[in-house]
Amino acid sequence: MFKLFKNFKKKDLFFIIICVSLIVFQVYLDLKIPDYMSSVTRLVQTEGSKMSEIVEQGVYMLLCAFGSLAAACFVGYYAANIASSFSKNLREKIFRKVSKFSTAEIKKFQTSSLITRTTNDVTQIEMLISMGLQMMIKAPIMAVWAILKIIDKGVEWSILTGICVLVLLTVIGILMIIVLPKFSKVQKLVDKINGVTRENLTGIRVVRAFNAEKFQKERFLEVNNDLTNTQLFTQRCFAIMFPMMNFVMHGLSAGIYIIGAFLIENALMSEKIELFSNMVVFSSYGIQVIMSFLMLALIFMMAPRASISAKRINEVLEEKVSIEDGEYFKDTKEKGTVEFKNVSFKYPDADEYILKNISFKAEKGETVAFIGSTGSGKTTLIDLVPRFYDVTDGEILIDGINVKDYKLEKLYEKLGYVSQKAIMFTGSIKDNVSYGNNGVKKKLNKVKEAIKVAQGEDFVEKMEKTYDSHIAFGGTNVSGGQKQRLSIARAIFRNPEIYIFDDSFSALDYKTDANLRKELKKYTKDATSLIVAQRIGTILNADKIIVLDKGECVGVGTHKELLKSCNVYKEIALSQFGEEELSNA
């Protein structure tokens with residue numbers, strides 16, 4: 001947990017010093033009250049005492065009480081600010097770290113767990129800091145200070161207080177041993193319930209279509225019951241602590257007065273007033289000692305879970321990112337070239353290679369297409385260009401420079417990527433098309449041009465607010481084909497050197513597909529296009545078609561060349577077209 005404290009800013013450290021100073025002042029005032037109480041007791045029992053003297057001591061007690069209250073208010077205010085500032089910085093740091101994760105790290109932690117670590121786990125630490133600054137610092141100072149004040153007031157009372165403290169520490173220690181392992185389980189179950197809920201919401205259409213609401217409800221109930229039962233166990237364990245605290249506190253008070261009664265009874269007349277005064281003071285200070293340990297007990301309830309949360313956050317922050325940033329940030333002489341040199345790839349911890357010894361070069365302005373049966377490695381191959389994964393063997397060059405040498409920002413500036421699954425963000429159509437524009441102004445005419453090329457003008461113009469129309473999270477208020485066209489428009493707006501289309505035309509009808517490719521060819525004539533496709537019709541006019549089978553390149557050439565030289569390509573073509581259609585294509 002201490003590793004996370006470096007996330008405090010200098011301003012926070014200054015406020016922490018103020019809080020500590022105020023807490024020391026507050027403890028001083030709290031522990032002065034019994035002294036004035038002792039003086040009042042003596043004055044009341046001493047003949048000839050003036051009322052003004054008693055009132056004076058009472059006024060001092062009130063001033064100490066109000067001073068302690070004011071200090072407590074300031075500490076609470078500053079502690080809340082420190083904790084919220086810390087959690088803000090920590091969440092930002094986690095977000096930045098996760099943003100650098102490759103697909104491998106995302107899969108390792110899982111999305112649901114990363115969300116929990118960024119929200120729930122940070123909240124646990126925030127609560128500990130907020131409460132800890134007020135209690136964790138105050139409790140030991142008060143306990144030590146109070147013990148020093150009463151240690152010479154009576155051996156019998158001191159022994160009794162020591163026994164009570166020992167009982168409390170024993171109870172707290174036993175509870176920590178029992179409960180600590182459960183907190184780790186609680187956070188994992190929070191991950192799990194987050195995952196089940198997220199899965200149910202994102203797949204709600206399929207759930208309803210298959211009448212699987214009951215099945216999903218049972219899945220949720222199973223995880224929810226596990227979480228509830230685990231939390232009930234921890235809360236029941238801690239529920240033992242408070243009755244024990246009350247028992248010890250009241251037992252200490254009763255014990256002090258019982259012992260005091262015997263001591264006063266057997267004391268000389270001249271010592272009785274002093275003993276009575278000491279008994280009153282010791283009772284007050286003894287309660288302060290027990291209250292200190294009560295505050296520590298509250299922190300002990302929060303600390304184990306916060307400790308588990310800190311460990312989980314550190315796992316994210318200390319995770320080594322597999323895709324390391326390069327150093328190259330200059331402009332290149334070559335433009336729009338992509339070259340694979342003996343590229344082989346296997347997923348982390350996998351035994352078999354997904355891609356084996358792939359070599360080709362795409363020149364500026366060329367359209368290179370990839371086709372093959374399901375599982376042949378098309379998407380995996382295309383994902384290596386933007387470095388979603390790094391190659392296992394060989395190298396990939398863009399504009400003559402190894403992709404590993406590029407600053408990632410510079411690499412991504414060269415690419416216009418359209419994913420297999422069209423991704424939309426909450427906002428307007430204009431915002432989605434001009435998303436991630438690297439400082440390019442969101443000019444409406446350029447947005448319109450990109451949407452027109454992507455064949456989206458017809459449906460966008462019919463929407464109520466046209467280009468300012470709202471897009472819901474995930475694009476749930478537009479169709480699959482519309483999402484795909486907007487995704488393509490987003491890449492076109494970027495005007496990159498290299499376009500990457502990962503099966504990005506599959507949701508389009510043949511007419512729209514043909515029109516889009518025709519307009520796209522005109523618009524991107526100076527750019528290189530890499531296209532993953534399932535349909536032969538999408539790649540008929542590609543300058544180069546690469547045929548993949550079980551991760552190996554089994555054919556390279558144009559459509560007509562491959563029909564003659566590659567059986568795998570011919571089989572795919574025949575499954576989509578007849579002999580006569582192919583001969584006329």
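Every value quoted in this text rests on a predicted model; they were computed, and no experiment measured them.
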Point to revise | From CA spacing to verdict: salt bridge (charged side-chain N to carboxylate O under 4.0 Å, His left out), E497, K414 | key: CA-CA 5 Å; E497 293 177 19; K414 293 176 176 288; 3.3 Å; yes

Exercise for review: Apply the test salt bridge (charged side-chain N to carboxylate O under 4.0 Å, His left out) to residues D458 and R485: give CA-CA distance (whole Å), side-chain angles for both, the deciding distance (0.1 Å), then the verdict.
Suggested key: CA-CA 11 Å; D458 58 336; R485 280 178 278 175; 3.6 Å; yes

Check your understanding: What's the verdict on side chain to side chain contact (heavy atoms under 4.5 Å, CB included) for K93 and N89, showing C-alpha distance, side-chain angles and the deciding distance?
Key -> CA-CA 6 Å; K93 195 169 183 179; N89 296 334; over 6 Å; no

Check your understanding: Would E126 and F86 count as a side chain to side chain contact (heavy atoms under 4.5 Å, CB included) if you check the C-alpha gap in whole Å, the side-chain angles of each, and the deciding distance to 0.1 Å?
Key -> CA-CA 7 Å; E126 181 182 356; F86 176 85; 5.9 Å; no

Point to revise | side chain to side chain contact (heavy atoms under 4.5 Å, CB included) assessment of T116 paired with R312 | key: CA-CA 10 Å; T116 305; R312 285 159 51 85; 3.7 Å; yes

Practice item. Show your working on side chain to side chain contact (heavy atoms under 4.5 Å, CB included) between V554 and Y569 and close with a plain yes or no. Key: CA-CA 9 Å; V554 294; Y569 183 81; over 6 Å; no

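Counting heavy atoms from C-beta outward, R494 and Y412 have side chains that approach closer than 4.5 Å. Between V447 and I451 the shortest side-chain heavy-atom distance falls below 4.5 Å. Side-chain contact between I471 and I429 is present, with heavy atoms from C-beta onward closer than 4.5 Å. Side chains of L548 and I358 form a contact here, defined as non-hydrogen atoms less than 4.5 Å apart. Taking the side chain as every heavy atom from C-beta outward, E395 and K404 never approach each other to under 4.5 Å. Considering only heavy atoms from C-beta on, R490 comes within 4.5 Å of M424 through its side chain. A 4.5 Å side-chain heavy-atom check between R219 and N200 finds every atom pair outside the cut-off. Contact of the L90 side chain with the L317 side chain is registered, since non-hydrogen atoms from C-beta on lie closer than 4.5 Å.
Considering all non-hydrogen atoms of both residues, K378 and S376 come closest at CG-OG, 3.5 Å. Heavy-atom minimum distance, V122 versus R117: CG2-O, 3.4 Å. Contact record, V433 with A450: CG1-CB, 4.2 Å, taken as the closest heavy-atom pair. The nearest pair of heavy atoms linking V391 to F345 is CA-CD1, 4.3 Å. Of all non-hydrogen atoms in F101 and V316, the two that sit nearest each other are CZ-O, 3.7 Å. Shown here for G557 and E561, the closest heavy-atom pair between the two residues is CA-OE1, 3.4 Å.
Counting only N and O atoms by type, the side chains of Y389 and T380 include no donor and acceptor under 3.5 Å apart. With hydrogens and angles left out, the side-chain atoms of Q124 and S309 include no donor and acceptor closer than 3.5 Å. Under the 3.5 Å distance criterion, with hydrogens and angles disregarded, a donor-acceptor pair is assigned to the side chains of T379 and D502. Using a 3.5 Å distance cut-off with no hydrogens or angles, the side chains of N342 and S359 do pair a donor with an acceptor.
In this structure, CG on L114 lies 10.5 Å from OG1 on T119, to the nearest 0.5 angstrom. The distance from atom CG of L530 to atom CD of E366, rounded to the nearest 0.5 Å, is 10.0 Å. Once rounded to the nearest 0.5 Å, the distance linking OG1 of T230 with CG of N225 reads 10.0 Å. The line from OH of Y406 to CG of L397 is 8.5 Å long, rounded to the nearest 0.5 Å. Here the straight-line distance linking atom CG of D526 with atom NZ of K364 works out to 5.5 Å at 0.5 Å rounding. Distance check, rounded to the nearest 0.5 Å: CD1 of I125 to OG of S87 gives 9.5 Å.
Surrounding NZ of K97 are more than 12 heavy atoms belonging to other residues, nucleotides or ligands, all under 6.0 Å away. Counted within 6.0 Å of CZ on F425, heavy atoms from surrounding residues, nucleotides or ligands total more than 12; the atom is thus considered enclosed. Within 6.0 Å of CD in E218 there are more than 12 heavy atoms belonging to other residues, nucleotides or ligands. Residue K483 places its NZ atom among more than 12 non-hydrogen atoms of other residues, nucleotides or ligands, all under 6.0 Å distant. Remark: E315 CD is packed, more than 12 non-hydrogen atoms of other residues, nucleotides or ligands lying under 6.0 Å away.
Between the side chain of T337 and the backbone N or O of D399, at least one donor-acceptor pair lies under 3.5 Å. Under a 3.5 Å cut-off, the side chain of S344 and the backbone N or O of T392 do not form any donor-acceptor pair. D543 contributes no side-chain N or O that, together with a main-chain N or O of V368, makes up a donor-acceptor pair within less than 3.5 Å. In this structure, the side chain of S85 does not engage the main chain of N81 through any donor-acceptor pair within 3.5 Å. Counting only distance, with no hydrogens or angles, the side chain of S99 and the backbone of F95 share a donor-acceptor pair below 3.5 Å.
At a threshold of 4.0 Å, the pair E213-K217 does not count as salt-bridged, since none of the basic side-chain nitrogens sits closer than that to a carboxylate oxygen.
Residues Y417 and F388 bring their aromatic ring centres within 6.0 Å.
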